[in-house]
Q: 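Attaching a single structure in structure tokens format; questions to follow.
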Amino acid sequence: MSLQELQKKLPEIRAWIDHTLAAHVAAARPVSAFGFPRLGSYYSIDLLATARAVPIAAVPRPPLASMGLAGFDEFENMEADGITYLSSYFVRRDHERVESLHFHELVHVVQWQKLGPELFIMAYALGHLLSGGYLTNPLEKQAYGLQARFDRNDPPFDVASLVKLEVDRIAQELLRSAQALQ
């Protein structure tokens with residue numbers, strides 16, 4: 001898949017995301033409403049008040065193959081515990097009390113905020129395609145790396161600042177790699 005093909009699909013992907021978020025807006029709750037004891041030591045009060053979590057039976061993923069995007073079978077078929085779109089994320093109901101999962105999804109909220117929707121979607125898709133899958137996607141590696149620090153009970157740190165320092169570089173490297181392949 002070329003960079004141009006992916007760019008042409010951005011409006012369709014974004015429309016699917018907007019539709020999905022609108023369909024679940026009534027179930028969305030501020031992350032602060034979950035009352036997690038540690039998240040406030042890593043994220044701003046403002047972020048925890050504005051980011052939304054939606055407990056759901058199964059997290060919704062865009063039907064990328066039916067949109068004409070190949071190479072995302074693993075992503076479309078995995079049993080994800082959570083997924084983030086813009087400033088909202090979906091978590092499986094059987095994981096809605098797992099603070100570590102919320103920590104991870106909040107990393108993605110910050111990534112979306114810093115990159116903006118189009119660049120985030122491009123970087124995430126390219127990360128998946130160029131790196132060989134979900135766990136090796138650089139945006140996921142960033143989220144899992146910070147989550148590991150949280151899970152180890154490392155001293156609190158400003159997650160948003162760390163994400164913002166690295167995420168632009170990650171996105172630009174992915175775009176350069178994709179352009180080099182064309």
Side-chain angles (χ1 to χ4, degrees), residues 10 13-62 75-76 78-125 127-128 134-135 137-171:
L10 285 175
I13 296 167
R14 181 64 193 270
W16 182 92
I17 290 169
D18 291 343
H19 174 77
T20 300
L21 291 173
H24 295 90
V25 70
R29 298 170 30 205
V31 177
S32 58
F34 286 83
F36 290 118
R38 296 178 53 218
L39 289 182
S41 297
Y42 296 85
Y43 293 101
S44 72
I45 292 169
D46 183 54
L47 181 68
L48 296 177
T50 58
R52 298 285 188 261
V54 181
I56 196 163
V59 300
R61 289 176 305 283
F75 177 77
E76 283 190 76
M78 69 181 188
E79 289 290 324
D81 296 331
I83 196 163
T84 303
Y85 302 115
L86 304 169
S87 63
S88 297
Y89 57 88
F90 295 83
V91 292
R92 285 193 358 215
R93 280 193 191 100
D94 59 343
H95 286 72
E96 75 178 275
R97 297 299 315 154
V98 178
E99 190 172 16
S100 180
L101 174 59
H102 288 262
F103 179 97
H104 179 100
E105 297 307 325
L106 285 164
V107 170
H108 292 309
V109 168
V110 175
Q111 291 171 339
W112 277 92
Q113 288 175 343
K114 177 64 175 152
L115 295 176
E118 286 73 24
L119 185 53
F120 178 89
I121 293 167
M122 292 291 294
Y124 196 93
H128 185 85
Y134 172 77
L135 289 175
N137 185 325
L139 294 175
E140 287 297 343
K141 287 175 73 173
Q142 182 183 47
Y144 278 113
L146 293 170
Q147 181 184 8
R149 291 178 60 184
F150 178 80
D151 291 345
R152 285 192 308 262
N153 290 312
D154 282 5
F157 54 94
D158 181 356
V159 176
S161 293
L162 291 176
V163 169
K164 290 174 183 177
L165 282 173
E166 287 290 309
V167 77
D168 280 329
R169 179 193 57 76
I170 291 169

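All residue numbers in this chain count up from 1 along the given sequence.
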Q: Quick one: are the ring centres of Phe75 and Tyr134 less than 6.0 Å apart?
A: no
Q: Donor-acceptor pairs under 3.5 angstrom involving side-chain atoms of residues 107-114: please list them, not counting sequence neighbours.
A:
residue : atom : partner : partner atom : Å
His108  : ND1  : Gln111  : OE1          : 2.6
His108  : NE2  : His104  : NE2          : 3.1
His108  : NE2  : Glu140  : OE1          : 3.2
His108  : NE2  : Glu140  : OE2          : 3.3
Gln111  : NE2  : Leu139  : O            : 3.1
Gln111  : NE2  : Gln142  : OE1          : 2.7
Trp112  : NE1  : Thr84   : O            : 3.3
Lys114  : NZ   : Asp168  : OD2          : 3.1

Q: Any chance you could measure Ile56, atom CD1, to Ile83, atom CD1, to the nearest 0.5 Å?
A: 11.0 Å
Q: Nearest 0.5 Å, what's the NE2-CG distance between His95 and Asp81?
A: 3.5 Å
Q: To check you understand the geometry: which heavy-atom pair defines the closest contact between Gln147 and Ser100, and what is its length?
A: NE2-OG, 2.8 Å
Q: If the condition is ring-ring contact (aromatic ring centres under 6.0 Å, His included), which residues does Phe34 pass it with, not counting sequence neighbours?
A: Phe36, His102
Q: Looking at Pro62 and Trp16, what are the two nearest heavy atoms and their distance?
A: N-CH2, 3.3 Å
Q: Minimum heavy-atom separation for Phe103 to Tyr43, with atom names?
A: O-OH, 2.8 Å
Q: Can you sort out the partners of Asp46 under side-chain hydrogen bond (donor to acceptor under 3.5 Å, both in side chains), two or more places apart, ordered by chain and number?
A: none
Q: Indicate the atoms forming the closest heavy-atom contact of Leu115 with Ala123, along with that distance.
A: CD1-CB, 4.4 Å
Q: Which atom names give the shortest non-hydrogen contact between Lys141 and Leu135, and what distance separates them?
A: CG-O, 3.4 Å
Q: Report the residues that fulfil side-chain hydrogen bond (donor to acceptor under 3.5 Å, both in side chains) with Glu166, sequence neighbours left out, ordered by chain and then residue number.
A: Arg169
Q: Start with the C-alpha gap between Leu146 and Phe157, add the side-chain angles, then the distance that decides, and say whether side-chain contact (heavy atoms from CB on, under 4.5 Å) holds.
A: CA-CA 10 Å; Leu146 293 170; Phe157 54 94; 3.8 Å; yes
Q: Tell me whether Tyr85 contacts the main-chain N or O of Phe90 through its side chain, where contact means a donor paired with an acceptor under 3.5 Å.
A: no
Q: Please walk me through it: do Leu106 and Val159 pass side-chain contact (heavy atoms from CB on, under 4.5 Å)?
A: CA-CA 9 Å; Leu106 285 164; Val159 176; over 6 Å; no
Q: Restricting to side chain to side chain contact (heavy atoms under 4.5 Å, CB included), what partner residues turn up for His19, sequence neighbours left out?
A: none
Q: Quick one: list whatever passes salt bridge (charged side-chain N to carboxylate O under 4.0 Å, His left out) with Arg52, sequence neighbours left out.
A: none
Q: Given the rule in the side-chain contact (heavy atoms from CB on, under 4.5 Å) test, do Asn137 and Tyr124 qualify, once you have shown the distances and angles that lead to the verdict?
A: CA-CA 7 Å; Asn137 185 325; Tyr124 196 93; 3.7 Å; yes
Q: Under the side chain to side chain contact (heavy atoms under 4.5 Å, CB included) rule, collect the residues that match up with Pro138, sequence neighbours excluded.
A: Ser131, Ile170, Leu174
Q: Tell me every residue that passes salt bridge (charged side-chain N to carboxylate O under 4.0 Å, His left out) with Glu96, counting only those two or more places apart in sequence or in another chain.
A: Arg29
Q: Run the salt bridge (charged side-chain N to carboxylate O under 4.0 Å, His left out) test against Asp18 and tell me which residues pass, sequence neighbours left out.
A: Arg14
Q: How would you list, by chain and number, every residue that makes a side chain to side chain contact (heavy atoms under 4.5 Å, CB included) with Ser41, sequence neighbours excluded?
A: Pro156
Q: In the structure I gave you, are the side-chain heavy atoms of Val54 and Leu21 within less than 4.5 Å of one another anywhere?
A: no
Q: Nearest 0.5 angstrom please: Tyr42 OH to Leu47 CG, how far?
A: 15.0 Å
Q: Would you check, one step at a time, whether the test side-chain contact (heavy atoms from CB on, under 4.5 Å) holds for Phe120 with Leu86?
A: CA-CA 9 Å; Phe120 178 89; Leu86 304 169; over 6 Å; no
Q: Under the side chain to side chain contact (heavy atoms under 4.5 Å, CB included) test, which residues partner Ala80, sequence neighbours left out?
A: Val59, Arg61, Met78
Q: Tell me, please, which residues at least two apart from Arg152 pass salt bridge (charged side-chain N to carboxylate O under 4.0 Å, His left out).
A: Asp154
